[in-house]
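Beneath this line is the structure, given in structure tokens, with notes to follow.
As the structure is a computational prediction, the values presented were derived from the model and not from experiment. One-based numbering along the sequence shown. Both ligands and their constituent atoms are indexed starting at 1 by order of listing.
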Amino acid sequence: MAKTTKTKKKNVHTKYIFVVGGVMSGVGKGVASSSMALILQARGINVTAIKIDQYFNVDAGTMNPTEHGEVFVLQNGLETDQDMGNYERFLNTDIPDTNYMTSGGVYLEVIKRERNLGYKGKNVEAVPDIPNEIIRRIKLAADTANAEVAIIEIGGTVGEYQNVLYLEAIRMMKNEAPDDVITTMVSYLPVPGSIGEMKTKPTQTAVMALNRVGVFADLIIARSPIGIDQKRKEKLSKFCNVHTEDVISAPDVESIYDIPLNLEKDGLSLRICDLLKLKCGTKSDLGAWKGFVRKTKNTKDTVKIAVVGKYFSSGDFVLSDVYISVLEAIKYSSYKLGLKPEITYLGSQEFEDKKKLQNLKKYDGILIPGGFGTTGVEGKLNVIEYARKHRIPYFGICYGMQLAVLEYARNVLKKKGASTEEIDNKAQDLVVAVMDEQKEKIAKGDMGGSMRLGEYPATLKKGSQAYKAYRSADISERHRHRYEVNNQYVAELEEAGLVFSGKSPDGKLMEIAELPRDIHPFFVGVQFHPEFQARPLNPHPLFTSFIKASYESK
Ligand code: GLN
């Protein structure tokens, strides 16, 4: 269970920017919110970003990734939405658990308070008690961060039943302090091929839906395939009650990293400061970000990485959002090395047929990210065996590490009946098994709380691949797993050449398994999720070593 971050003493006056979505989901509210946060940060303002999900899941841990996308784990272990990852990456900082809420969490708190007589005999009502709890949490997050500006992104799309009580919270906060609260609508303006013209009506309708619940847009971020023209800005201004200069053009771009620079070029940070009557620095310091963006465009050569997972398909479409932090981490390290990453998504099921393994030859490196359950596992094991034997750089994350250990047990130790408790709890050799500390929780049926979550330290073996990457023996990484390498097999695996180069400080948990450099150019599996700490301005050293080895073994 996640610990709650301690509240600091408040000594600043906070201003609030709400971000809501119009017309459809997936228009880029998360990137818009992160970009706004970054350009305000660049003006010397202390900004924090908050995400609200309307689901009744108490946290994102129990949501299916193919429906919801990646589960992003915060430092203290809270399982959240992938947008929290965007905030951390753009702001280059850890975000505390106060900054994430779901309807499940909000309602649970209100009901618990009612059970504890916290409402002192009064009726507990949807309004104002639910919005009051939402507002309490928003203010707690702002206080914890001592934020001058808190950006609050409300999941979903305006017009849905589910986010009405959140919109009510905006209305109540605005009513209490009109100068301290603004609302940004991130909307979509289609350019239907059959018409050949950008249409504003869906956005007008979305703004109307917002107005109906007493909330008015101060800014409209106009997402569209091309930039919005003056004529349509004027139309939106007239019908949506915003100033023309507050309709911000946000056309599709090749790279999301350009977005903050484009928004800054359009004067958005100064406009926000005006609207909020906020003093901000006269200079915008986006130098480091610009340096990163330059690197993304100045690559000398390519590196081909195959990511083998099982969550890629959604109907007829390919979903890469499920592994967004992994993909981003690959990109940051590639750019750092002056390389353009060419990432291919491969479904692991296809490799159950060993003939298909030949297709892996064309990649410089193979990565198997985290995963759960039985689907595609045999395919992943075949891929790992192929990468090991053909000396293709291999990076296994979480399940990708556990399966690398299992592959070694099966094919090198010749324990053909070896398995992980997750797929066969009756197997002869449970090389990967449930952690003692998690057994009790599972027995109680508390699957939602049965994982080892959040940041834990590990100690690295000097001279190992991992040590060379981190250049330190003490590391700390975020986790999300229920199973671990079974200690009973560690000695035997080590005798057969597998090196456990990272362990928990008490030596009980295997955190990293690798093959020595003279045996394999890069074969490293990690029990944790390094991707959650990879940042554009701070690429992750293990990803950088993996990409470097992949490129060099081309
Ligand atoms: N399913 C494995 C476990 O629970 C790995 C989890 C993961 O890859 N995040 O231990």
Compute whether any side-chain donor of one residue and acceptor of the other, for D364 and Y551, lie under 3.5 angstrom apart.
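Side chains of D364 and Y551: no pair found under 3.5 Å.
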[X] neighbourhood, listing ligand 1 atoms whose heavy-atom distance to it stays under 4.0 Å:
| X | result |
| --- | --- |
| R480 | 6 (C), 7 (C), 9 (N) |
| H529 | 9 (N) |
| R482 | 3 (C), 4 (O), 10 (O) |

Over 12 foreign heavy atoms within 6.0 Å of NZ, K548:
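Atom NZ in K548 is not crowded, with 12 or fewer foreign heavy atoms closer than 6.0 Å.
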Looking only at protein heavy atoms, which one is nearest to atom 7 (C) of ligand 1, and what is the separation?
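Going by distance alone, atom 7 (C) of ligand 1 is nearest to C398 SG, 2.9 Å.
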Nearest non-hydrogen protein atom, atom 1 (N) of ligand 1
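The closest one turns out to be E422 OE1, 2.7 Å.
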Less than 6.0 Å separating the ring centroids of [X] and [Y]?
| X | Y | answer |
| --- | --- | --- |
| Y399 | F372 | no |
| Y107 | F56 | yes |
| Y470 | H540 | yes |
| F543 | F395 | yes |

May I ask you to check whether H481 has an N/O atom sitting below 3.5 Å from an N/O atom of ligand 1?
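In this structure, H481 places no N or O atom under 3.5 Å from an N or O of ligand 1.
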Can you check whether Y483 has an N/O within less than 3.5 Å of an N/O in ligand 1?
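Between Y483 and ligand 1, an N or O pair is found under 3.5 Å apart.
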Just go through G371, P369, A433, G370 and tell me whose heavy atom is the nearest to atom 5 (C) of ligand 1.
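Among G371, P369, A433, G370, the closest heavy atom to atom 5 (C) of ligand 1 belongs to G371.
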Does some side-chain heavy atom of Q533 sit less than 4.5 Å from a side-chain heavy atom of Q75?
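The answer is no; the side chains never approach within 4.5 Å.
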With a 4.0 Å heavy-atom cut-off (strictly under), which part of Q402 contacts ligand 1: side chain, backbone, both or neither?
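The answer is the side chain of Q402.
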Is the contact between E484 and ligand 1 made by the side chain, the backbone, both, or neither, using heavy atoms and a 4.0 Å cut-off?
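Neither part.
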